[in-house]
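The chain is numbered in sequence order, starting from 1. No experiment lies behind these values; they were computed from the predicted model shown.
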Amino acid sequence: MIPINILSKLGTFEVEFEGCKIKVSVIDNAALIDRTIAELRSSLRKPVVGFDVKFGTDHHDQNNAEIAKLLILCVETHCLIIQLSNLVPVPDGLKDFLSDETICFVGKGMGNKVTSIHRSHGLSCVTGVEVSDFVARVLKKPNLIGAYNLTDLATEVGLVTVSKEAGCCEGSCQRTPNWSARIFTDAEIKSAIPEAILCYCIGLTLLGKLNL
């Protein structure tokens with residue numbers, strides 16, 4: 001077994017997104033969860049976290065049903081990519097963080113994603129917030145309820161610089177990586193994070209409009 005201090009280094013990436021350096025921690029060992037969750041929590045300027053789930057097939061399932069493979073959490077310029085299938089049992093630190101009802105976990109397609117992590121991994125996220133509904137309620141624009149294009153929602157809340165790079169979260173990337181893999185390339189890591197980052201930025205902006 002690789003020592004934890006070395007494993008932590010192996011799972012740390014630095015990628016550039018929208019001109020910013022993003023630290024990405026890929027977690028595939030329960031022993032690393034408490035430390036990285038504490039780092040993420042300490043970065044919270046406002047009670048909001050960008051949230052995403054990537055799905056893959058379970059090779060034990062003859063029906064090839066897709067289950068939650070990666071949980072992605074983003075705050076400021078730090079993202080966690082948690083390989084859920086490798087965390088057995090799921091650490092209490094992760095359960096406690098996701099069940100913190102003072103935090104808005106903002107994402108797209110939250111109903112399906114929250115249900116999936118609960119069904120396959122026993123994780124509860126009571127304050128999972130659908131990004132389009134959040135935008136619609138704060139801006140008082142009911143026509144935005146159910147809107148699915150994150151770059152358009154980002155523009156609605158006043159985020160000016162949203163480039164083609166962010167468009168990967170709208171399905172414009174050429175190939176969807178195998179999220180069931182154990183090891184990812186730099187390019188795959190970069191393609192995993194845009195949705196969670198944009199949801200974080202939108203959520204942060206909305207809380208600012210509410211003076212929270």
Donor-acceptor pairs under 3.5 angstrom involving side-chain atoms of residues 3-13: please list them, not counting sequence neighbours.
| residue | atom | partner | partner atom | Å |
| --- | --- | --- | --- | --- |
| Thr12 | OG1 | Ser8 | O | 2.8 |

Self-check item: Closest non-hydrogen atom pair between Ala68 and Ile117, with its separation
Solution: CB-CG2, 3.9 Å
Quiz prompt | Qualifying residues under salt bridge (charged side-chain N to carboxylate O under 4.0 Å, His left out), relative to Glu188, sequence neighbours excluded | solution = Arg175
Quiz item: Which residue pairs satisfy the salt bridge (Lys or Arg N to Asp or Glu O under 4.0 Å) criterion with at least one member in residues 72-98, sequence neighbours excluded?
Solution: Arg45-Glu76
Quiz prompt | Any donor-acceptor N/O pair, Lys113 side chain to Lys108 backbone, under 3.5 Å | solution = yes
Practice problem: For residues Gly93 and Asp34, report the shortest heavy-atom separation together with the two atoms involved. | Solution: CA-OD1, 3.4 Å
Quiz item: Does some side-chain heavy atom of Leu139 sit less than 4.5 Å from a side-chain heavy atom of Lys209?
Solution: yes
Exercise. Measure the shortest side-chain to side-chain distance between Leu73 and Phe51 over non-hydrogen atoms and say whether it is less than 4.5 angstrom.
Key: yes
Quiz item: Measuring from Cys201:SG to Leu153:CG, what's the distance to the nearest 0.5 Å?
Solution: 13.0 Å
Self-check item: Qualifying ring pair (Phe, Tyr, Trp, His ring centres under 6.0 Å) pairs with a residue from residues 92-135, counting only residues at least two apart or across chains
Solution: Phe97-Phe105
Self-check item: Closest heavy-atom pair and its distance - Ile202, Ala154
Solution: CD1-N, 3.8 Å
Exercise. Answer whether the closest heavy-atom distance between the side chains of Asp100 and Arg41 falls below 4.5 Å.
Key: yes
Exercise. Measure from the side-chain N and O atoms of Thr127 to the backbone N and O of Ile103, and report whether any donor-acceptor pair falls under 3.5 Å.
Key: yes
Quiz item: Can you name the closest pair of heavy atoms from Trp179 and Ala192 and give their distance?
Solution: CH2-CB, 3.6 Å
Quiz item: Can you tell me how far CZ of Phe184 sits from CG of Asn178, rounded to the nearest 0.5 angstrom?
Solution: 7.0 Å
Quiz item: In terms of hydrophobic clusters joined by side-chain contacts under 4.5 Å, are Leu212 and Leu204 together?
Solution: yes
Self-check item: Counterpart residues, ring-ring contact (aromatic ring centres under 6.0 Å, His included), relative to Phe55 (two or more places apart)
Solution: none
Self-check item: Pairwise side-chain contact, Ile37 with Leu94, heavy-atom cut-off 4.5 Å (strictly under)
Solution: yes
Quiz prompt | Contact check, side chains of Asn112 and Val53, non-hydrogen atoms, under 4.5 Å | solution = no
Quiz item: Looking only at heavy atoms, which two atoms of Gly107 and Cys199 are closest? And how far apart?
Solution: CA-SG, 3.6 Å
Self-check item: Transitive ILVMFWY side-chain link Val138 to Ile145, under 4.5 Å
Solution: no
Please tabulate, for side-chain N and O atoms in residues 81-88, each donor-acceptor pair with protein atoms closer than 3.5 Å (sequence neighbours left out).
| residue | atom | partner | partner atom | Å |
| --- | --- | --- | --- | --- |
| Gln83 | NE2 | Ala181 | O | 3.3 |
| Gln83 | NE2 | Arg182 | O | 3.1 |
| Ser85 | OG | Lys69 | NZ | 3.4 |

Quiz item: For Gly146 and Ser132, which heavy atoms make the closest approach, and how far apart are they?
Solution: N-OG, 3.2 Å
Quiz item: Distance from Asp28 atom CG to Leu70 atom CG, nearest 0.5 Å?
Solution: 11.0 Å
Exercise. Report yes if the side chains of Cys79 and Ile197 come closer than 4.5 Å at any heavy-atom pair, otherwise no.
Key: yes
Practice problem: Tell me, with the steps shown, if Asp186 and Val15 meet side-chain contact (heavy atoms from CB on, under 4.5 Å). | Solution: CA-CA 8 Å; Asp186 289 349; Val15 300; 5.6 Å; no
Quiz item: Is atom CG of Leu210 surrounded by more than 12 heavy atoms (other residues, nucleotides or ligands) closer than 6.0 Å?
Solution: yes
Quiz item: Are Val48 and Tyr200 close enough that some pair of their side-chain heavy atoms sits under 4.5 Å apart?
Solution: yes
Quiz item: Under 4.5 Å between any side-chain heavy atoms of Leu123 and Cys125, yes or no?
Solution: no
Practice problem: Drop me the distance from Arg137's CZ to Leu144's CG, to the nearest 0.5 angstrom. | Solution: 13.5 Å
Self-check item: Euclidean distance, Leu32 CG relative to Thr36 OG1, rounded to 0.5 Å
Solution: 6.5 Å
Quiz item: Can you tell me how far the OG1 atom of Thr77 sits from the CD atom of Glu14, to the nearest 0.5 Å?
Solution: 9.0 Å
Exercise. Taking the six-membered ring of Phe17 (Phe, Tyr or Trp), confirm whether the NZ or CZ of Lys190 is under 6.0 Å from its centre and within 45° of its axis.
Key: no
